[in-house]
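Written below as structure tokens is the structure these notes are about.
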Amino acid sequence: MSFKPWAKTMKTMLLAAALAWGGLHEAAADQARDFFTGETPRQREQRMEWWQEARFGMFIHWGLYSIPAGEWQGNSSHAEWIRTTAKIPLEEYDKLVPQFNPTNFNAARWAQLAKRAGMKYLVITSKHHDGFGLWDSKLTDFDVASTPFRRDILNELSLSCKKEGVRFCTYHSIMDWHHPDYLPRRDWEKSRSKEDADFNRFRQYLAGQLSEIVANYNPGVLWFDGEWEDTWTHEMGVELYNYVRGLNPRIIINNRVDKGRRGMQGMTAEGEFRGDFGTPEQEIPPQGLPGVDWESCLTMNRHWGWNKSDSQWKSTEDLVRKLVDITSKGGNFLLNIGPKPDGTFPDEAIERLEGIGRWMDVNSEAIYGTQASPFKRLPWGRCTQKPGSNRTILYLHVFNWPMDGKLVVPGLKNKAERVWLLADKRRVPLATSNTGGALVITVPSSAPDPISSVVVMQIKGPLDIEPIGLVQSPDGSLTLPASEATTHGEIKFEAGEHRDSLGFWTNPSDWADWEFKVTQPGKVDLLAEVASLAAKSAASMLQDTDDECEGSIMARPTASHERDKVAARLSRSRQ
Ligand code: FHN
């Protein structure tokens with residue numbers, strides 16, 4: 001049993017090539033019109049508007065790889081990469097096709113769950129790296145039409161999304177471990193000849209499939225991935241970007257169509273690279289990225305595809321606070337689901353979608369259509385805003401509710417026109433005062449919401465905020481979080497579970513610094529967690545300018561997999 005892309009009738013194949021070639025030719029013709037550089041900022045704004053307003057979407061990784069559920073020959077650490085991570089020969093992997101029969105698949109249910117969670121768009125894997133298509137493609141029969149299920153999943157889901165008012169989008173992998181013309185082969189696939197492989201013919205196939213998807217299911221976003229192998233070039237990325245925009249000029253395409261990412265970094269480096277938004281993965285940029293469209297995609301547990309052994313589910317609280325954190329930095333949040341082989345969502349995922357939905361029922365106004373916080377940092381949470389012509393609405397997202405009923409907004413000089421709790425339908429005004437360069441709001445003693453309570457503040461005229469640097473706490477101590485460091489060289493801030501740290505610090509001449517205000521000068525003890533040999537470089541980091549500040553570094557090895565973890569803490573020295 002083998003699934004050859006051109007196993008279908010010769011006529012179909014010719015149609016396919018003509019379609020693809022025709023498409024590519026049109027693209028070539030459209031080369032004159034560079035959809036990327038040829039678009040006015042106003043046109044781009046209009047095209048991106050729904051996506052920028054949406055802020056929250058669902059990512060779905062589903063396919064043949066869901067059947068083994070992460071396990072192969074006793075190793076249960078696999079997921080959507082199982083074909084490669086378990087070194088499954090192509091013929092062996094093809095045996096999953098007759099097993100793909102998700103009889104409990106209910107597209108309406110999926111769209112309703114996304115809507116319930118407050119998600120405005122949904123991005124499903126039309127084809128992941130394994131090459132299997134979730135629609136009935138004319139260009140291959142390595143797709144759902146060859147399975148006992150036969151139903152066109154993209155068709156059903158795009159219709160249900162439309163019905164629920166959720167924007168349907170598709171993820172499409174450039175890398176293809178199944179198509180004979182895709183190169184390179186996996187290094188362990190010695191037996192799979194690449195003699196007749198023709199990468200340009202693969203590009204025609206890729207273009208042909210994309211024209212099917214755009215024509216039949218009208219995705220709002222084309223979320224490319226798998227562009228990192230050397231066979232894919234910048235020129236091919238530019239051409240594919242223009243080709244897909246040629247198919248639908250209003251479509252939005254992520255930055256993984258081109259080669260702009262450095263390694264697996266999410267954002268695009270300087271340069272003429274194509275792509276409408278950056279894609280940080282499994283991380284949230286420490287500071288916002290003003291003026292740049294970006295979207296953090298995160299798993300709900302540890303895997304993108306379904307892994308039945310993975311019980312590392314993030315809590316609903318963690319997910320809501322991540323949504324707030326990402327939105328407060330001007331980004332979108334794409335939260336992933338890995339459905340089971342029967343076509344249902346894991347119960348743990350449904351529970352979290354409903355939990356987030358309950359929070360959004362009250363607070364979605366503080367997420368949709370908002371912009372990044374005007375504050376560099378806030379001690380109790382985050383802020384989103386809706387700037388107006390002569391009035392600004394600030395949404396204060398309070399994670400740590402002040403027990404003394406005094407919510408201090410440091411550095412805000414404006415007088416508040418009106419302040420109320422978003423959860424309070426009667427919008428009873430809260431008292432405010434301006435003291436010591438801060439605005440203080442008198443709030444109820446208990447928080448309206450255990451996860452994040454929103455206080456709405458209406459400010460007349462332009463915002464007047466004094467940027468507050470890192471300051472010593474009342475006990476004189478000062479924490480220098482990795483996320484606040486200004487790094488020099490290759491050092492990279494790494495965000496994510498249990499690893500907020502400065503990583504990739506292998507070059508001793510690289511350094512990081514923090515700006516902070518010393519309000520209580522004096523001798524300090526320094527506690528720095530340094531994962532390895534970089535202890536010395538951490539020491540030099542503490543030379544500050546005028547106030548005398550000396551200390552000792554206590555290098556404490558941390559878990560081996562956490563490289564170069566550095567966090568510094570200053571505490572008053574016990575003389
Ligand atoms: O290899 C893929 C992975 O399977 C998953 O699809 C993620 C989602 O963004 N992207 C790639 C890894 O960067």
Side-chain angles (χ1 to χ4, degrees), residues 56-70 72 77-88 93 96 119 121-134 169-179 182 184 186-187 206 219 221-232 237 252-269 275-285 293-307 310 312 314 319 322 326 331-339 349 492 494-497:
F56 190 30
M58 177 182 279
F59 211 175
I60 298 178
H61 278 72
W62 197 41
L64 292 180
Y65 45 79
S66 310
I67 297 168
W72 197 265
S77 66
H78 305 289
E80 74 285 353
W81 272 62
I82 197 166
R83 160 101 157 87
T84 291
T85 49
K87 296 191 170 57
I88 307 173
Y93 193 81
L96 294 171
M119 294 159 158
Y121 61 106
L122 176 156
V123 182
I124 182 167
T125 49
S126 53
K127 187 194 76 158
H128 201 262
H129 308 330
D130 66 350
F132 181 76
L134 294 185
C169 310
T170 51
Y171 161 113
H172 200 81
S173 175
I174 291 167
M175 182 158 65
D176 188 320
W177 301 328
H178 194 276
H179 194 281
Y182 180 85
R186 300 309 92 192
D187 49 17
L206 176 65
V221 171
L222 226 293
W223 213 100
F224 284 106
D225 201 5
E227 86 289 6
W228 52 80
E229 302 201 312
D230 299 343
T231 40
W232 189 255
I252 295 174
I253 302 170
N254 72 344
N255 66 341
R256 299 187 187 194
V257 68
D258 198 346
K259 304 288 281 188
R261 299 192 295 152
R262 250 191 281 144
M264 296 306 266
Q265 284 196 3
M267 301 308 294
T268 295
D276 299 316
F277 62 94
T279 52
E281 176 174 314
Q282 298 286 51
E283 66 172 348
I284 302 171
D293 287 314
W294 57 277
E295 173 199 71
S296 273
C297 56
L298 280 83
T299 52
M300 235 189 221
N301 55 13
R302 287 290 172 100
H303 295 89
W304 299 100
W306 164 243
N307 175 308
D310 181 351
Q312 306 277 320
K314 296 177 176 74
L319 294 170
K322 282 182 164 44
I326 291 168
N332 279 27
F333 182 17
L334 192 65
L335 178 56
N336 184 72
I337 306 272
K492 189 170 155 272
E494 295 190 282
E497 219 146 327

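All ligand and atom numbering here is 1-based and tracks the order in the structure.
- A side chain to side chain donor-acceptor pair (under 3.5 Å) with D130 holds for exactly one of W177, W81, Y93; it is Y93.
- Counted by atom type alone, H129 and S173 present one or more donor-acceptor pairs between their side chains at under 3.5 Å.
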Give every pair formed by an N or O atom of ligand 1 and a protein N or O atom closer than 3.5 Å, one pair per line with both atom names and the distance to 0.1 Å, or write none.
unit_1	atom_1	unit_2	atom_2	d
ligand 1	1 (O)	W81	NE1	2.7
ligand 1	1 (O)	H129	NE2	2.7
ligand 1	4 (O)	E80	OE2	2.6
ligand 1	4 (O)	W81	NE1	3.0
ligand 1	4 (O)	H128	NE2	3.1
ligand 1	6 (O)	H61	NE2	2.7
ligand 1	6 (O)	H128	NE2	3.0
ligand 1	6 (O)	Y171	OH	3.3
ligand 1	6 (O)	D225	OD2	3.4
ligand 1	9 (O)	E281	OE1	2.8
ligand 1	10 (N)	D225	OD2	2.6
ligand 1	10 (N)	E281	OE1	3.1
ligand 1	13 (O)	E281	OE1	2.8
ligand 1	13 (O)	E281	OE2	2.9

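- By the salt bridge (charged side-chain N to carboxylate O under 4.0 Å, His left out) test, E227 pairs with R261, sequence neighbours left out.
- In this structure a side-chain-to-backbone donor-acceptor pair under 3.5 Å is missing from E80 to Y65.
- Here the side chains of D293 and D276 are not in contact, with every heavy-atom distance at 4.5 Å or above.
- When L122, V123, I60, I252 are each tested for a side-chain contact (heavy atoms from CB on, under 4.5 Å) with C169, only one passes: V123.
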